[in-house]
Each structure stands twice: as C-alpha cells, then as structure tokens.
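Worksheet for the structure shown next.
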Amino acid sequence: RKGTFVVNIGDMIQVWSNDKFKAPLHQVQANASAERYSAPFFYNPSYDSNVFPMVQDGEMPKYRIVNWGEFRVKRFAGDYADIGEEVQISHYYDCNS
C-alpha cells in the first residue's frame, strides 16, 4: 500500500520467537506499472552465537539450538553453487516438541 513499509524478519527471529513471528519466503516480483524502492539492511548475530527459542513457562521449544555461523556458512554454500537442498531452519525443527 502507498506510504507503507514492509519489514521482513529473518530465520533467526522465527527460531528465537519459537514461531510467533514467521520469516517470509524470499521472492522479488517486478512490477512494470509502478516504481519500487528497496533498501535492504541485514542485522545478523555474531558468527559464534547460538540462537534458541525463547519460550514462556510451560511452552516447549520448537527448534534445536542453531549456531548462526554454521547456519550461515551452509547457506552461503548454496548461494554460489548448486549443492542440492539449501539449509533451512526447518532442518533444526525439534520433532520432539
């Protein structure tokens, strides 16, 4: 909508929030009939950070601990070569919850 901002959160916020906030699928669609301005900004944890769900009392975590550096290195690998399936946060989903 005119005059609005879109703020996309990333995978780590989805893990951190235990799925309260969902990271969107990355897709860019051109629109020939309207101008579009994009100013991406990425704020990432340090590479040695372990990201884990912050849960309320009695709530079960939906994800295992995700080391940001390990996750990012695996994601970079898929950015520059066809390595098959790229790492996703779903790979860290804890099926025991």
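Between Asn67 and Ser49 there is no side-chain heavy-atom pair separated by less than 4.5 Å. Asp94 has its side chain out of reach of Lys62: every pair of non-hydrogen atoms, C-beta onward, lies at least 4.5 Å apart. No side-chain heavy atom of Arg72 sits under 4.5 Å from any side-chain heavy atom of Asn44.
Residues that satisfy the side chain to side chain contact (heavy atoms under 4.5 Å, CB included) test with Asp48, not counting sequence neighbours, are Ser46.
Side-chain heavy atoms closer than 4.5 Å link hydrophobic residues (I, L, V, M, F, W, Y) into clusters, and following such links, possibly through other members, connects Trp68 to Phe76. At a threshold of 4.5 Å between side-chain heavy atoms, the hydrophobic network of Ile, Leu, Val, Met, Phe, Trp and Tyr places Trp16 and Ile9 in one connected group. In the hydrophobic cluster analysis, where Ile, Leu, Val, Met, Phe, Trp and Tyr join through side-chain heavy atoms closer than 4.5 angstrom, Val51 is grouped together with Tyr47. No continuous path of ILVMFWY side-chain contacts below 4.5 Å connects Val55 to Val66, so the two sit in separate hydrophobic clusters.
Atom CG in Asp19 sits 9.5 Å away from atom CD in Glu59 (nearest 0.5 Å). Between Gln88 atom CD and Phe71 atom CZ the span is 6.5 Å, to the nearest 0.5 Å. Atom CZ of Phe21 and atom CD1 of Ile13 lie 8.5 Å apart (nearest 0.5 Å). Here the CD atom belonging to Gln56 is positioned 5.5 Å from the NZ atom belonging to Lys20, to the nearest 0.5 angstrom. Distance NE2/His91 to CD/Glu85: 3.5 Å, rounded to 0.5 Å.
Sorted by first and then second residue, the salt bridge (charged side-chain N to carboxylate O under 4.0 Å, His left out) pairs with a member in residues 3-12 read Asp11-Arg75; sequence neighbours excluded.
Applying the ring-ring contact (aromatic ring centres under 6.0 Å, His included) test between Tyr63 and each of Tyr93, Phe52, Tyr92 identifies Tyr93 as the sole match.
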